[in-house]
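One structure is given below, encoded as structure tokens.
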Amino acid sequence: MNKESKIFVAGHRGLVGSAILKNLQDKGYTNFVFRTHTELDLTDQQAVNAFFEAEKPEYVFLSAAHVGGIMANSRYRADFIYINLMIQNNVIHASYKNGVKKLLFLGSTCIYPCEAPQPMPEDCLLTSPLEYTNEPYAIAKIAGIKMCESYNLQYGTNYIAVMPTNLYGPNDNFNLETSHVLPAMIRKIHLGKCLFERNFDFIRKDLDFRPVETISGSASENEIIAVLDKYGIREGEVELWGTGKPLREFLWSEEMADASVYIMEHIDFADVRQKEGEVRNTHINIGTGIELSIKDVATLIKEKIGYKGDLKFNSSKPDGTLRKLTDVTKLHSLGWHHSVEINEGVERLYKWYLENL
Ligand SMILES: NC(=O)C1=CN([C@@H]2O[C@H](COP(=O)(O)OP(=O)(O)OC[C@H]3O[C@@H](n4cnc5c(N)ncnc54)[C@H](OP(=O)(O)O)[C@@H]3O)[C@@H](O)[C@H]2O)C=CC1
Ligand SMILES: C[C@H]1O[C@H](OP(=O)(O)OP(=O)(O)OC[C@H]2O[C@@H](n3cnc4c(=O)[nH]c(N)nc43)[C@H](O)[C@@H]2O)[C@@H](O)[C@@H](O)C1=O
């Protein structure tokens with residue numbers, strides 16, 4: 001990739017896509033093409049083909065997808081499999097038809113079996129059943145890996161699939177139902193603190209910016225209290241999901257973007273074949289290799305926010321997989337390593353949340 005290469009960042013307003021775009025701009029890349037979801041629905045094959053034929057991008061970051069936390073994945077199963085398969089099939093095939101030089105496909109570490117060895121090496125793909133809560137999403141992502149691998153083998157393309165661990169950062173989704181755990185906990189615990197302190201000014205501002213159900217900042221205090229209660233945010237207590245026992249690993253989204261750009265710049269398909277002639281499991285895990293329990297994350301967030309009430313875990317809500325620690329040996333051997341630790345990342349995300357209402 002050179003600084004004038006034409007680059008398509010699909011999903012450039014999302015958590016990872018926005019960070020990829022910023023990383024590329026900071027590195028001096030200048031020639032971008034992007035479309036919002038409304039301008040180009042990537043599930044629409046004809047529209048995607050017309051876009052590629054007109055724009056002829058040389059490099060593609062495929063960071064558009066239908067994404068959500070554990071509840072969204074387990075409830076909207078059809079959307080997660082259909083939309084993701086459509087987006088990736090359309091973009092990968094159009095990239096091949098239009099001579100894209102290199103493409104980066106973003107999968108997820110939820111592609112690995114529920115009972116995978118820990119940490120999970122790339123090689124444990126398809127060795128036993130998946131975790132049920134996010135099986136449809138994982139199957140779409142596995143199809144994406146195999147699509148990249150198959151096009152590379154049959155057509156000689158240069159498509160790389162990367163499998164990020166749980167991500168968090170600027171432009172994260174803070175929706176109380178559909179988000180991932182870190183933004184959800186930050187918002188819930190901060191709102192819990194505001195309720196504890198009767199700071200309805202902040203709660204109103206937050207609800208105006210990110211309405212919950214049909215309620216906005218103009219609602220009465222009692223209406224606000226009733227809605228927050230449904231999401232487990234009560235005076236003196238914030239309720240979180242599951243048992244708090246599952247272990248998770250978290251990577252700052254801007255570091256994910258940095259790893260993505262690094263791989264686009266330095267790594268080719270030929271480099272990720274594990275040994276001479278080996279073509280299986282050519283994808284790359286992206287993570288920190290460090291895990292902590294959900295309860296410990298919640299306690300860390302509580303301390304950073306300075307919340308004095310209680311945290312309670314509701315075990316009727318799903319835990320999901322109990323462990324999914326990435327084996328980052330391959331990533332390290334390719335020359336990339338993370339640097340933002342969870343302690344700093346939580347402070348950054350909390351600051352971002354407060355400043356972006
Ligand atoms: N967040 C995480 O913890 C993890 C994410 N990943 C993967 O990383 C990638 C990026 O995820 P993330 O940035 O978090 O997701 P976001 O939801 O933040 O962003 C996804 C982007 O894709 C766009 N998009 C969704 N559907 C369509 C569509 N039909 N047509 C056009 N654009 C569409 C969205 O646009 P709009 O908002 O307008 O709908 C949005 O810009 C995904 O492949 C995801 O699976 C992997 C592991 C963990
Ligand atoms: C990135 C990854 O993300 C998804 O998997 P997940 O890691 O299970 O997702 P999560 O971030 O939503 O939850 C992590 C853990 O945290 C617990 N938890 C507590 N309290 C809240 C809470 O308030 N909200 C949420 N969301 N979780 C909570 C929750 O019960 C779970 O034990 C995949 O579906 C798939 O999308 C994927 O690839």
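In listed order, ligands and their atoms are each counted from 1. Everything numeric here is computed off the predicted structure, so don't read it as measured data.
- Residues Asp319 and Lys245 are not paired through a salt bridge, judged by the lack of any N-O separation under 4.0 Å between the basic side chain and the carboxylate.
- Atom 33 (C) of ligand 2 has Asn134 ND2, 3.2 Å as its closest protein atom, hydrogens excluded (heavy atom only).
- Atom numbering of ligand 2 starts at 1 in the shown order; those under 4.0 Å from a heavy atom of Gly68 are 36 (O).
- In this structure, a donor-acceptor pair under 3.5 Å is absent between the side chains of Lys193 and Asn199.
- Residue Ile294 places a heavy atom less than 4.0 Å from ligand 2.
- Atoms of ligand 2 found under 4.0 Å from any heavy atom of Ser179 (numbered from 1 in listed order, with element): 12 (O), 26 (N).
- Residue-ligand proximity, Ser108 to ligand 2, at heavy-atom distances under 4.0 Å covers atoms 37 (C), 38 (O).
- Nearest protein neighbour of atom 9 (O) of ligand 2, counting heavy atoms only, is Ile70 N, 3.7 Å.
- Under 4.0 Å from ligand 2, the heavy atoms of Tyr137 that appear belong solely to its side chain.
- The aromatic rings of Phe34 and His12 lie parallel to each other, their planes meeting at an angle below 30°, with 60° marking the opposite boundary.
- Residue-ligand proximity, Asn73 to ligand 2, at heavy-atom distances under 4.0 Å covers atoms 33 (C), 34 (O), 35 (C), 36 (O).
- Remark: distances from the non-hydrogen atoms of Gly320 to ligand 2 are all 4.0 Å or more.
- Using a 3.5 Å distance cut-off with no hydrogens or angles, the side chains of Thr178 and Asn173 do pair a donor with an acceptor.
- Side chain of Arg234 to main chain of Leu228: no donor-acceptor pair is present (N/O by atom type, distance under 3.5 Å, no hydrogens or angles).
- The two residues Trp252 and Glu254 have their closest heavy-atom pair at NE1-OE1, 2.9 Å.
- The aromatic rings of Tyr155 and Tyr151 sit perpendicular, their planes meeting at an angle over 60°, well past the 30° parallel limit.
- Considering CD of Gln45 and NE2 of His93, their distance stands at 7.0 Å, rounded to 0.5 Å.
- Ring planes of Tyr137 and Phe80: perpendicular class, angle over 60° (limits at 30 and 60°).
- The closest approach between any non-hydrogen atom of Met71 and ligand 2 is not below 4.0 Å.
- With hydrogens left out, the protein atom closest to atom 13 (O) of ligand 2 is Val181 CB, 3.8 Å, a heavy atom.
- Closest to atom 31 (C) of ligand 2, if we only count protein heavy atoms, is Asp319 O, 3.4 Å.
- Atom numbering of ligand 2 starts at 1 in the shown order; those under 4.0 Å from a heavy atom of Lys324 are 2 (C), 5 (O), 6 (P), 7 (O).
- Lys324 and Glu291 are not joined by a salt bridge, as no carboxylate oxygen comes within less than 4.0 angstrom of a charged side-chain nitrogen.
- Using modelled atom types, no side-chain atom of Ser63 and backbone atom of Val16 make a donor-acceptor pair closer than 3.5 Å.
- Close approach of ligand 2 to Ala184 (heavy-atom distance below 4.0 Å) involves ligand atoms 22 (C), 23 (O), 24 (N).
- Considering Pro246, Pro318, Gly242 only, the shortest heavy-atom separation from atom 30 (O) of ligand 2 involves Pro318.
- Within 4.0 Å of ligand 1, contacts by protein heavy atoms are made from Gly11, Arg13, Gly14, Leu15, Val16, His37, Leu40, Asp41, Leu42, Thr43, Ser63, Ala64, Ala65, Val67, Ile87, Leu106, Gly107, Ser108, Tyr137, Lys141, Pro164, Thr165, Asn166, Leu167, His180.
- Contact analysis puts Lys188 in contact with ligand 2, with a non-hydrogen atom separation below 4.0 angstrom.
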Note to self: His190 vs Tyr350, test: ring-ring contact (aromatic ring centres under 6.0 Å, His included). Steps then yes/no.
What the structure shows: CA-CA 9 Å; His190 184 75; Tyr350 182 44; 5.5 Å; yes
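- Scored by the salt bridge (charged side-chain N to carboxylate O under 4.0 Å, His left out) test, Asp258 finds Lys27 as partners (sequence neighbours excluded).
- Side-chain N or O atoms of Asp271 include one that pairs as donor or acceptor with a backbone N or O of Asp268 at under 3.5 Å.
- Comparing Tyr231, Trp241, Phe80 by heavy-atom distance to atom 25 (C) of ligand 2, the nearest is Trp241.
- Nearest residue to atom 8 (O) of ligand 2 from His180, Lys141, Arg248 is Arg248 (criterion: closest heavy atom).
- For the pair Arg75 and Glu177, the salt-bridge criterion is met [side-chain N within less than 4.0 Å of a carboxylate O].
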